[in-house]
Amino acid sequence: MTGAQIFCESLKNAGVEYIFGTTGASVQLLHDELKKHPTLKFIRCRHEQSAVHMANGYAKVSGQAGVVLVNSGASATNTVTGLATAHTDSVAIVCFTGQVPLSIMGTDAFQEADIVGITHPCTKHNFLVQDINRLHKTIREAFYIATTGRNGPVLVDLPRNLMMESTEFTHKQEPIKLRGYHVVTEGHNGQIQKALTTLLESKKPLILCGGGVVASSAQEELLELAEFLKIPVTTSLIGLGAFPGQHPQSLQFIGVNGNTAANNAIKTCDFLLAIGTRFDERATVSLNTFAKHAKIAHIDIDPSSISKNVRVDFPIVGDVKTVLRQMNILSKEKKELLAKFHTTLPTWFTEIASWQSSVLPPKKTQTGMPMKFVIETLHKVTEGKAILTTDAGRHQIATAHNYFFTNPRHWCTSGGLGTIGYGLPAALGACLADPKAMVFCITGTGSIQTSLNEFITAIQYHIPLKILILNSTKKSSLTPDFVKIAEAYGAKGIRCHHHDEIEPALRQALSTKTPILIEIPVIREEDVFTKSVDIKSA
Amino acid sequence: MIQKHTISIIVENEFGVLARVAGLFSGRGYNIESLSVAPSLDPTLSRMTIVTSGDNAVVERIVKQLNKLIHVIKVQDVTSENPINRILSLIKINLGQKNLDQLKAIVLPFQGTIIYQDDRCSIVQIVAEETVLQEAINTLKPFSIMEFVSTGNLAIQKGKTAL
């Protein structure tokens, strides 16, 4: 088989359905071959950064690797922001870049870029395939590395000459052996026991969950543990949805932009069970005061994440789903400790409730409304079951605060890198990952302009893109007429002027199968954060 | 407390591995004071020895992040194991044949040998620990050193343990 044929067979073996990307000279042979394989659907994007964001949204919603194929040179370098976004949030992506033929590599050829060198720090791993006989093995290893352990983007650089060369190909899948890569799944039972015993002796316990719970699809195990122990649960920004937002034990999310009640709970707790989170500085705010009264147990699949920022008393390396299962079994054996533990919890919950009840609700006004109201209306209309993607900014935080997710794979946002331009393409990827879902991209007037060019991708591939622009700019600012832009793209555009136009507009969006854009004026000065009395550290 | 740490790393002998390891140090602001790398007895593996400085928490972080790299097979901070350290240096002295005996006497206490000489220069080879090497250099300075080429520090543990 030729390299191009091996490429297609390898992707089919990996169960790939969609490939996002662009075309060009270095990948022309691959595209010629792809056309002969109708199960591999290529989505041609306007910009490679968006292609990677599409793969990102697809991966987050489907739980499988998002796949990208782009040309060499500028096309490859355009993927860097997308790869860095995925790397920081640990999203599984396999990105194939075309490359000039091996014989002219290093000669500053046309559309040549040292993409492997450029992406060393922002990929989990990358490969340059130099031998046709290693092509199939490399692709299999790329998928394996991207989707196991702590997920991440893997780049595979494909020199054009390999696509024409031929070699033997067998569908037989030998087990993958990587000497330097071992994934620990089960947690150490002794450590889990110690952590659990100390937790059951605490008076103010708290669970903190992050992106790792989502990546591990461990929401059921988490719910079982939290409900059995009856303790409060908070999340990081990207962990939202890992625990049902409207559950009585939910405190929403912590951090610089988080809920004050959640932050107060962190400051006051005497035991913190951290699950699949990396203690990012947006979440911890100040490492000096973060959970300083608490004993901390940390479950994470990445040993380098444990005790990196926050000193940990009970480190537990393992896959979140597996470890929580172990914990659920072990906790059922501790009936005596549990009974005593439950008697002290009501005091803790009363304290937490006092922080939650002192929140002041923002006011509705005639011209321009609070972002909170828009998101609450969206929640009502979609019954909390929509998939939401955002860009970065106040609209992102307003969405995080006011949409109570019920499913962890419904929240797609750029947490670690805060990438503007993520929302629209991620929504396209999400739509393709779950064609039956309601998917909304929530964005601002500046953010939407970063990847607005992908609107045509939605039109071309009949993807039901729904964009909600929260326009908080002053009348004097220069923003284009987004409704006219939507219409220029052949889509529907709606502008809401009054707060009672929002619900009908959203319902119209739900019943439309074609792309739609809704622009809603919102108040700029409103504080998107729920404000309540902030306790001082003791 | 900031101190020097010697880290031994076994890596796959693959394209780009050195760049990746060095990149991890530079990308996170860690300093590489010296670096030595060569294929091991197994030609598919290379061994790297890196000397860096930092406090224990920082070095522990470096070791964990090195372990994360797919091509890194084993990493160990060998400093506390009290390994044997050696650096190989080649020093070119501006000294002809007539002062050869004098030069031999000077380098002998530092385990140095003269591996080349002609009318215009002599090349001294010293294999020793860093402190011994430093003393040797100080002693040779009056003879005007024309060129100095050195490897990074190599470390090997005593006893049964081997990386």
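Letters A, B, ... mirror the listed sequences (proteins, then strands); counts begin at 1.
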More than 12 heavy atoms of other residues, nucleotides or ligands under 6.0 Å from CD1 of B:Ile106: is that the case?
-> yes

If you check every heavy atom in residues 127-140 of chain B against those of chain A, which residues fall under 4.5 Å?
-> none

Sort B:Leu24 into side chain, backbone, both or neither according to what part of it lies under 4.5 angstrom from a heavy atom of chain A.
-> neither

Tell me, for A:Pro121 versus chain B, whether the close heavy atoms (under 4.5 Å) come from the side chain, the backbone, both or neither.
-> neither

Enter the distance from A:Ile145:CD1 to B:Ile70:CD1 here, rounded to the nearest 0.5 Å.
-> 4.0 Å

Write out the donor-acceptor pairs between chain B and chain A under 3.5 angstrom, atom names and distance to 0.1.
{"from": "B:Glu12", "atom 1": "OE1", "to": "A:Arg179", "atom 2": "NH2", "distance (Å)": "2.9"}
{"from": "B:Glu12", "atom 1": "OE2", "to": "A:Arg179", "atom 2": "NE", "distance (Å)": "3.4"}
{"from": "B:Glu14", "atom 1": "OE2", "to": "A:Arg134", "atom 2": "NH2", "distance (Å)": "3.3"}
{"from": "B:Arg20", "atom 1": "NH1", "to": "A:Asn126", "atom 2": "OD1", "distance (Å)": "3.3"}
{"from": "B:Arg20", "atom 1": "NH2", "to": "A:Asn126", "atom 2": "O", "distance (Å)": "3.3"}
{"from": "B:Arg20", "atom 1": "NH2", "to": "A:Asn126", "atom 2": "OD1", "distance (Å)": "2.6"}
{"from": "B:Thr44", "atom 1": "OG1", "to": "A:Arg179", "atom 2": "NH2", "distance (Å)": "3.1"}
{"from": "B:Lys64", "atom 1": "NZ", "to": "A:Ile306", "atom 2": "O", "distance (Å)": "2.7"}
{"from": "B:Lys68", "atom 1": "NZ", "to": "A:Asp302", "atom 2": "OD2", "distance (Å)": "2.9"}

